[in-house]
Structure formats: structure tokens, C-alpha cells
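Everything below concerns the one structure shown next.
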Amino acid sequence: MTALKLDKLDKKILRLIADDARVAFLEVARACNVSGAAIHQRIQKLTALGVLRGSQFIIDPEKIGYETCAYIGLNLKNPERFDEVVEELRTIPEVTECHYTTGNFDMFIKLYAHNNHHLLNIIHDKLQPLGLSSSQTLISFNSVIDRQLSVANLTDEEEE
């Protein structure tokens, strides 16, 4: 997939809203020297193009009792069941990410559990029945970098 062509205004808007999605459109408009309606239209365009995928509050899992973060590489007995397994993973609320990968695993997931005992129950009761041939679990002690991709490096010059 090729990158979308974004103009100077699009890039400036992205820089301004990346740090605070709740910043008022009028404040962004003033910084960009355009009308609030123009900002609203650009935000709608960027959303329609898939550049922006909404805004949300970020909940800290640990603050609500999920003390264990784990990454699990999964290998399926029957890789043709990828789509079915993904749909089943969507029903497990503790699973927050799922990636198809190269390398040693068919897919790689991230999940949160209350503690190690809860993690064991998720693996045994929810993941194993999906038809796994094997899995490997890595427990994260602490996230030292947790951010979205920076847009600070978007330049205003047109790329060739």
C-alpha cells in the first residue's frame, strides 16, 4: 500500500491533534490560520481516508486490576482456520491485539490478565480450545515505551 499524499495543512493538523485529540477545532483553526469549518472538513477527510481512526480515552489496565500483560505466539494445528480463530479471539475481552506474523508463529497476540493465575486460565480455557499446536508466552514486566507513531517527522515539503 502506498502512502497517501498529504498537503501542508493536513500534516499541520495531524501534528496539532496527535498530542491532544480533545483540542478544540477552533484552536487548531487559529494555529493553521483557516476557518473552523475547514478544519472540520479536513478531519472528516482524514477520517474517511483512514488516516485518523477515531479518538478514544486510554484506560490503564493496571489501574483497573489487570496486572499481567502477556504476549503470546500462537501456532495453529490447522492454519486454514486463521479467520475463524481471529473471530474467536475477538470474543475474548482480555485479548487487545492480534497480528499475523512471519517467523516462528502463525499469529501473535497481546492480552491482559488480573494475575498469573488468571493468565493460566485464559490460556487453558480460552486459547487452547482454538486448536493450537503450540504457543509461547512472554510476560511483560513493564512497558517503557508505549506510544503511537510520531507525526513530528511529517515534513511540509512535497516528497518526490
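None of these values were measured; they are calculated from a predicted model.
Within the structure, ring pair (Phe, Tyr, Trp, His ring centres under 6.0 Å) pairs that include any residue of residues 9-44 comprise Phe25-His40 (at least two apart or interchain).
Around atom OH of Tyr100, more than 12 heavy atoms belonging to other residues, nucleotides or ligands sit under 6.0 Å away. Counting heavy-atom neighbours within 6.0 Å of Ile59 CD1, excluding the residue itself, gives a total of 12 or less.
Checked by atom type and distance alone, the side chain of Asp106 pairs as donor or acceptor with a backbone atom of Leu76 at under 3.5 Å.
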All N/O donor-acceptor pairs, side-chain side in residues 83-93, below 3.5 Å, sequence neighbours left out:
| from | atom 1 | to | atom 2 | distance (Å) |
| --- | --- | --- | --- | --- |
| Glu84 | OE1 | Arg81 | NE | 3.2 |
| Glu87 | OE2 | Arg90 | NE | 3.0 |
| Glu88 | OE2 | Arg81 | NH2 | 2.9 |
| Thr91 | OG1 | Glu88 | O | 2.6 |

Solution key, residues 30-37 side-chain donor-acceptor pairs under 3.5 Å, sequence neighbours excluded:
| from | atom 1 | to | atom 2 | distance (Å) |
| --- | --- | --- | --- | --- |
| Ser35 | OG | Ala38 | N | 3.0 |

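By the side chain to side chain donor-acceptor pair (under 3.5 Å) test, Tyr66 is found to be paired with no residue, residues two or more places apart in sequence or in another chain being considered. In this view, Glu97 and His99 satisfy the side chain to side chain donor-acceptor pair (under 3.5 Å) rule, not counting sequence neighbours. Looking at residues two or more places apart in sequence or on another chain, you find a side-chain contact (heavy atoms from CB on, under 4.5 Å) between Ser135 and Ile72, Leu74, Gln128, Leu132. By the side-chain contact (heavy atoms from CB on, under 4.5 Å) test, His117 is found to be paired with Asn115, Asn121, residues two or more places apart in sequence or in another chain being considered. For Ser55, the side-chain contact (heavy atoms from CB on, under 4.5 Å) test picks out Ala21, with sequence neighbours left out. Scored by the side chain to side chain donor-acceptor pair (under 3.5 Å) test, Arg22 finds no partners at all (sequence neighbours excluded). Applying the salt bridge (Lys or Arg N to Asp or Glu O under 4.0 Å) rule to Asp10 yields the partners Arg42, Lys45; only residues at least two apart in sequence or on another chain are considered. The side-chain contact (heavy atoms from CB on, under 4.5 Å) search around Asp60 returns Glu62, Lys63, not counting sequence neighbours. Remark: Ser133 pairs with no residue by the side chain to side chain donor-acceptor pair (under 3.5 Å) rule, at least two apart or across chains.
The minimum heavy-atom distance between Gly50 and Arg53, with the atom names listed, is O-CG, 3.8 Å.
The side-chain heavy atoms of Ile13 and Leu16, taken from C-beta on, include no pair separated by under 4.5 Å. Side-chain contact check for Leu26 versus Ile39: every heavy-atom pair is 4.5 Å or farther apart. Contact annotation: the side chain of Ile109 never approaches that of Thr96 to less than 4.5 Å [non-hydrogen atoms, C-beta and beyond].
Classification of the His118-His114 ring pair by plane angle, with boundaries at 30° and 60°, yields parallel.
Follow the hydrophobic side-chain contacts under 4.5 Å out from Val95 and you never reach Tyr71; the two are in separate clusters.
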